[in-house]
Amino acid sequence: MKIPMFKTCLIALAVVFTGTAFAQATKLTLDLTNSKLKVSPMLYGLMTEEINHSYDGGLYAELIRNRIFKDNANTPEGWSLVQEDTSSHASIKLIAANPNSIPFDEQRLSINGALTTCLRLTVPKAGVKAGVANEGYWGIPVKPSTSYKASFYLKGTGSMMQRRRPGGAPGGATNAPAPASIENNTAGPITVTIESADGKIIFAKGTVNLEKSDFWKKYELTLTTAADVKPTKDARFVISTDRTGLYYFNLVSLFPPTYNNRVNGNRIDLTKMLIDLKSKFLRFPGGNYLEGPDFANAFPWKTTLGPIDNRPGHKGSWGYRPTDGMGLYEFLMWCEEINAEPLLGVYAGYALNGDHVDAGPLLKPYVDDALDEIEYIIGDAKSYWGAKRVADGHPAPFKLTYVEIGNEDWFDRSNSYDGRFTQFREAIEAKYPQLTCISTIADAQYPNLMVKSGKKPAILDEHYYRSSWDMFEWANQYDKYDRKSPKIFVGEWATREGKPTTNLQAALGDAAWMTGMERNSDHVIMSCYAPLFVRVDTATATAPKAWQWDSDLIGYDALNSYGSPSYYVQKLFAEYLGDVIVPITAANIPTQNRPAPQQRPGAAPATPKAVPTVFYAATQDAKTGTIYLKLVNALGTVQPIEISMNGAGKMKSEATMVVVKGQKPEDTNSITEPTKIVPITSKIKGVAANFKQKLAPYSVTILKLETSK
Ligand code: AHR
């Protein structure tokens with residue numbers, strides 16, 4: 001809808017000049033004599049799930065898209081035929097295994113229960129290059145002096161198939177006959193390249209020697225780029241031959257260097273960005289991804305273990321098929337790599353299609369599955385699942401304190417969660433009394449669905465996806481929570497403005513909200529922003545847009561990554577944090593009017609609400625005396641504030657100030673302009689028990705104030 005210019009101006013004026021805008025000075029008084037409440041040591045964490053290509057095409061470093069050919073039953077998505085000369089009539093075709101087919105029929109080509117669909121390359125003409133190409137996840141990233149580990153299962157046609165079918169076409173009656181000119185024996189060199197998307201530039205090249213055999217074999221090689229290669233994502237991965245024959249491919253994989261060189265590991269740049277967040281925990285595997293679209297596709301942790309050769313993948317919750325390369329073990333290793341504790345979500349018998357299993361005997365297999373999962377994580381080497389973890393490469397149990405039962409089970413309006421939660425909690429506590437179970441339904445959000453039979457949950461998970469106005473309005477929400485009620489875990493939250501990553505306005509909303517959590521972090525003991533990751537590529541001729549959820553924290557393409565303004569707010573809040581909460585008394589906080597929501601025609605106009613424009617929280621390091629004061633200015637004008645400290649002792653007159661700010665609320669970072677909004681650190685002088693500070697327009701300011709003992 002178009003709004004006439006003069007009306008826009010009036011609205012803008014109404015927003016800024018309201019309430020106490022010209023009243024007495026804004027004043028914050030920090031009471032350092034009264035810092036009795038502890039900041040939760042787990043306050044800031046991360047939440048993750050497979051959404052927006054967070055893992056496949058994201059953190060999980062695999063570069064080949066559709067590596068086991070199961071993304072689409074009808075077509076080899078991500079793959080194409082490469083042929084130097086179209087007169088060669090080479091072709092590719094998906095072959096799905098049929099366990100009932102006769103021996104040596106092509107449709108018995110499964111390698112194991114997971115690798116049941118392969119890609120066949122038919123090459124009728126010799127002496128001309130023909131092969132299969134993978135376009136990667138919106139391109140294969142090429143960087144100089146980089147070694148890539150390539151591997152794939154390959155089977156040619158040796159002699160047995162031909163012996164069995166003299167004169168007949170290899171491939172059997174169910175497939176198009178191959179021309180009589182095709183050679184029986186495909187043995188010989190196979191060329192593997194990373195090359196430009198048009199095939200004109202070869203960035204790295206290697207060869208494997210295909211054996212003369214009718215059986216699958218896994219081939220491995222390393223491809224290394226030269227030092228003078230210019231970084232590009234306009235590249236593809238190609239396996240080719242110049243001999244005739246039928247060539248079958250499965251589990252084609254290409255890994256760049258990973259963080260810590262971990263096999264099947266994670267992208268280095270993204271891992272470093274996560275380490276910088278200093279998060280205390282990682283909530284996984286979801287989100288909707290935990291639940292899955294239906295019962296059969298809840299996160300299948302058992303089939304995500306062991307070699308990737310045994311992982312069939314599954315139907316995800318966000319419209320694409322996860323490889324499960326990021327399996328349970330990889331989640332746990334990820335936690336270790338970023339020094340975060342796992343916070344495990346266990347599937348609780350509710351699927352996104354609305355199906356649920358009632359508490360009782362039918363739910364028992366699900367409870368047992370969760371107990372097995374926990375045993376994998378913390379069981380000793382003598383336990384069945386603990387021994388599997390040891391075999392997978394991690395002898396010591398991982399750390400685990402919190403287990404969340406389900407995700408957003410408030411969608412299950414049958415009210416079955418109450419009984420389901422209790423059944424899970426009792427079984428988990430009986431076997432692992434050291435663990436605390438979190439209810440995914442919070443009393444404050446869903447009073448009609450909350451857990452009320454059995455023991456009260458110790459921790460409730462609240463989720464908030466809000467606008468910046470909502471965040472400003474509700475930033476003081478936790479000031480009012482009853483301290484005798486269960487502790488709060490804000491397991492998903494975000495200010496949803498800007499896409500694919502959030503903008504400055506969202507970061508202001510986030511920071512305002514975080515001051516409220518931090519002030520109350522004796523009660524709000526954990527929190528994590530969501531979603532964490534977004535692949536930012538838009539649709540191409542062959543691949544859809546990469547993301548499903550707007551407004552995410554960290555954006556990336558094949559080559560580069562960047563943090564949104566919200567990312568920097570997360571980073572600063574976790575970095576500049578004491579261990580006790582400093583009570584603050586505020587006076588004369590200016591307000592602005594939140595525009596009233598549009599009413600239905602004929603309804604009385606709603607009145608706008610006055611919401612604060614300055615937000616604040618302070619914590620102190622009990623040992624060093626350092627005070628961390630966080631301040632948010634939601635207005636586009638400078639706001640001066642007076643800061644007083646009761647009982648601070650002697651203050652150092654110089655302090656560190658870190659500011660995230662911009663010119664306008666829509667300012668943002670992007671893949672092409674990744675550092676438009678980043679924290680700026682400076683020194684300020686004149687700090688004392690009473691001092692004045694100006695808050696820049698649209699800013700988040702952190703003051704690190706030192707006391708001299
Ligand atoms: O974070 C995106 C989605 O929002 C999560 O998968 C779900 O838990 C919530 O509704």
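Bear in mind the structure is a predicted one, so any value in this text is a computation, not a measurement. Atoms within a ligand are numbered from 1 in the order they appear, just like the ligands themselves.
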Which residues share a salt bridge (charged side-chain N to carboxylate O under 4.0 Å, His left out) with D409, sequence neighbours left out: R420
Within reach of ligand 1, part of F411 (heavy-atom separation under 4.0 Å): neither
Contact check, P531 vs ligand 1, heavy-atom distance below 4.0 Å: yes
Polar proximity ligand 1 side, W549 side, N/O cut 3.5 Å exclusive: no
Proximity flag Y289 to ligand 1, non-hydrogen atoms under 4.0 Å: no
Taking every non-hydrogen atom, the tightest pair across Y464 and Q445: CE2-NE2, 3.2 Å
Qualifying residue, where the test is side-chain contact (heavy atoms from CB on, under 4.5 Å) with S439 and the options are V451, I459, I405: V451
Residues K278 and E575 bridged, charged N to O under 4.0 Å: no
Atom indices of ligand 1 within 4.0 angstrom of E408 heavy atoms, with elements: 7 (C), 8 (O), 9 (C), 10 (O)
Where ligand 1 meets E49 - atom numbers and elements under 4.0 angstrom, heavy-atom basis: 1 (O), 2 (C), 3 (C), 5 (C), 6 (O)
Axial cation check for F255 ring with R262, 6.0 Å and 45° limits: no
Distance filter under 4.0 Å to N407 heavy atoms, resulting ligand 1 atoms: 8 (O)
Shortest non-hydrogen contact from S416 toward D358: CB-OD1, 3.6 Å
Sub-3.5 Å N/O-N/O distance, Y465 and ligand 1: yes
Ring-face cation contact, F573 with K630, 6.0 Å cut, 45° max: yes
Top protein contact for atom 8 (O) of ligand 1, by heavy-atom distance: E492 OE2, 2.8 Å
